[in-house]
Amino acid sequence: MKTVELQNEVFAQKPTQTMSGAQAVVQALIDEGTDLLFGYPGGAIMPVYDALYDVEDRLNHVLTRHEQGATHAAQGYARATGKVGVCIATSGPGATNLITGIADAQIDSTPLVCITGQVHSHLLGTDAFQETDVVGISMPVTKWNFQVTKAEEIPMAIAKAFYIARSGRPGPVLVDITKDAQFEQLEYSQYSFKGLRSYQPKSKLNMQKVAEAAELINAAKKPFVLFGQGVLLSQAEEAFKAFIEKAGIPSAWTIMGASALDSDHYLNVGMLGMHGNYAPNKLTNECDVLIAVGMRFDDRVTGDLSRYAKQAKVVHLEIDPAEIDKNVKTDVAVLGDAKEALLALTGLVDENKHESWLAEFRKLEQEEFAMVVKDELTPSSKELTMGEVMRTINQCTDGQAIVVTDVGQHQMIACRYAKFKQSKSLITSGGLGTMGFCLPAAIGAKMGHPNREVVAVIGDGGFQMTIQELGTIFQSKTPVKIVVLNNEFLGMVRQWQDLFFDKRYASTTMVNPDFQTIVKGYHIQTREVRERSELESAVKEMLNSTESFFLEVKVGREKNVFPMVPTGASVSEIRLK
């Protein structure tokens, strides 16, 4: 293998062999370790699909029923495994149908490589059949994108795409390949991308900043840790646990950081955010040092920024310099990989307990339990609640399942009440809030972890946005367990209409089809639950099945999710009812 440098880009190159551009695409994917991709064929990508036909034993292609389903499935695979997800589509509408999933992956830092076909290069700019400028369209929502017009560019473009997608703060990339480049012959060399001088995936750790952070933490009387997905992405779970245990600091998670710390860990004080737990929201404005690890101070976490943690010194451990001081002013910023930063910081912090401070969290937890949690998990009303469904799933899986959610009330309930004993166990659409995410993402997660139980928790609204992916489950025989919590409403929008729009339920009532009949049409086992007495046996039947299973639970129609921080309010103004 020799090293070559092109336009400040460094590659390692292996010997060559002659093949078509389409074959080069497939070989480059295999060279990157890809064994699974999701997609939908069409005219402009047909040469690549023809090349895939010859490598079915090495590269499994999963035919989704919509290109958006392909991106979400690739996201689910990436989030569950930590690997790069791959999806493929044709030009025009095929490419534009990827955009929602790409945007979702960008804001949630999910590594994706998306490959699209494009019209012949001599037709570019002529409004040819199924021509769309997908490079221009995707530029704001990709980490990098590139249009290939010559076959010789393919190996280097794909090697670079994987490097950028997985390095530093991960994200989606897109490679658009003209049809003539797919037909063209080239002398193929395997390239391993080694770096780009203008791209620094992570900063070198500044030990002076680490020491300053440790000094603040050691002097703190009420330190508080907020952790996000950065802990998972850097595989820093053990380093994070060692840090908080040594320093004795209560720690709360964003929904993207869920499962980085065991749900039952004594320093885990719950979920942050608009529908998070009472104590971590309330006490954010009472801590004296706030330590943010791998999270970006999203508006759903901070509420009114002008009243957010103004009393606290802020330490931010973050890999992306763009996130420093973007929303919350930082006193000490430690730029770099979360695992490296935590290992260095742990060596400098003092051993501590902060027992009286932790007791303040426990007191507020009891208030929340009495006013919210008790009635959600063990309701006195006849109506089934989403919370008791999650409680039953927890009991039957012992916190070992991967839980995938869609977006809405059920998402907040699942995030609040699911229990996790393994990392990378909650997969949800955090930043973009994409309805329709769950069903295809669960397919990808299950294919990435065939030996783990994968439970998709979906609302009746989001289910119908990608319901066609039941066909993917049927054809691929993927044993995903699907739970639809059916309240016959677009529940979260209805909740806001209830609280802030005088119960004027404009376009939120759902007149649903017979889901049982639809699911049976896809030859998937199914069961409906309307009574509490049926719930546990139905969940056990679902989990005991070796095949895919659809469980529909009819829950209370107009129950709201609390606690809640109203829009524009301070986190201190979180409501329990």
Side-chain angles (χ1 to χ4, degrees), residues 37-39 67-89 94-116 132-147 157-158 160-176 196 199-202 228-230 232-234 254-257 294-301 318-324 326-327 338 404-407 424 426-438 440-441 444-445 466:
L37 73 159
F38 305 87
E67 292 87 354
Q68 183 178 340
T71 54
H72 293 328
Q75 285 178 275
Y77 173 85
R79 295 267 294 278
T81 64
K83 300 177 183 178
V84 177
V86 181
C87 59
I88 184 169
T96 58
N97 282 343
L98 298 178
I99 296 298
T100 296
I102 293 172
D104 193 288
Q106 173 77 341
I107 199 165
D108 280 350
S109 304
T110 305
L112 291 189
V113 168
C114 307
I115 296 171
T116 54
T132 300
D133 179 12
V134 70
V135 170
I137 291 171
S138 65
M139 190 173 292
V141 293
T142 50
K143 198 175 173 188
W144 178 73
N145 65 15
F146 184 72
Q147 186 172 75
I158 291 180
K160 184 176 177 180
F162 273 84
Y163 176 80
I164 292 175
R166 64 164 68 101
S167 60
R169 180 179 180 176
V173 300
L174 183 140
V175 180
D176 189 46
L196 177 64
Y199 171 57
Q200 300 299 323
K202 63 180 180 181
Q229 190 185 199
L232 294 164
L233 293 174
S234 66
T254 69
I255 63 170
M256 298 300 292
M295 55 86 71
R296 58 188 179 85
F297 289 111
D298 173 75
D299 65 292
R300 282 295 195 264
V301 165
E318 173 60 46
I319 198 167
D320 185 355
E323 294 297 342
I324 301 298
K326 186 176 80 174
N327 295 323
V404 188
T405 86
D406 213 77
V407 172
K424 297 184 177 67
L426 177 70
I427 298 172
T428 192
S429 173
L432 200 63
T434 305
M435 291 180 68
F437 170 88
C438 180
T466 49

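Computed from a predicted model, the values in this text were never measured in an experiment.
Under the 3.5 Å distance criterion, the side-chain polar atoms of R296 are left unmatched by any main-chain donor or acceptor of E318. With hydrogens and angles ignored, the 3.5 Å screen pairs a side-chain donor or acceptor of K143 with a backbone N or O of I164. Between the side chain of N97 and the backbone N or O of Q68, no donor-acceptor pair lies under 3.5 Å. In terms of modelled atom types and a separation under 3.5 Å, the side chain of D320 and the main chain of R169 share no donor-acceptor contact. A donor-acceptor pair is defined here as one N or O able to donate and one able to accept, closer than 3.5 Å; such a pair exists between the side chain of D298 and the backbone of R300. At least one donor-acceptor pair closer than 3.5 Å links the side chain of D108 to the backbone N or O of G430.
Residues S138 and I99 have side chains in contact (heavy-atom distance under 4.5 Å, counting atoms from C-beta outward). Side-chain atoms of T405 and L426, non-hydrogen and from C-beta on, do get closer than 4.5 Å to each other. Side-chain atoms of Q106 and T142, non-hydrogen and from C-beta on, never get closer than 4.5 Å to each other. I137 has its side chain within reach of T96: a pair of non-hydrogen atoms, C-beta onward, lies under 4.5 Å apart. Between S234 and I319 the shortest side-chain heavy-atom distance does not fall below 4.5 Å.
Listed here is the closest heavy atom pair of A80 and K424: O-CD, 3.7 Å. Between L432 and T100 the shortest heavy-atom distance is CD2-O, 3.6 Å. Closest approach of I427 and G76 over heavy atoms only: CD1-O, 3.8 Å. Annotation for A70 and C87: closest pair O-CB, 3.8 Å, computed over non-hydrogen atoms. For the pair V404 and A441, the tightest heavy-atom approach, listed with the atom from each and the gap, is CG1-CB, 3.9 Å. Scanning all heavy atoms of the two residues, the minimum distance from G101 to T71 falls at CA-OG1, 3.3 Å.
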message: Evaluate W144 against K160 for side-chain contact (heavy atoms from CB on, under 4.5 Å), listing each step before the verdict.
response: CA-CA 9 Å; W144 178 73; K160 184 176 177 180; 3.6 Å; yes
query: Please walk me through it: do V113 and I158 pass side-chain contact (heavy atoms from CB on, under 4.5 Å)?
result: CA-CA 8 Å; V113 168; I158 291 180; 5.5 Å; no
Steps toward side-chain contact (heavy atoms from CB on, under 4.5 Å) verdict (T254, Q229): CA-CA 8 Å; T254 69; Q229 190 185 199; 5.8 Å; no
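Considering Y77, F38, F437 in turn, F437 is the only one that fulfils the ring pair (Phe, Tyr, Trp, His ring centres under 6.0 Å) rule with H72.
Once rounded to the nearest 0.5 Å, the distance linking CD1 of I88 with CG of L37 reads 6.0 Å. In this structure, D176 CG and I115 CD1 are separated by 10.5 Å, a value rounded to the nearest 0.5 Å.
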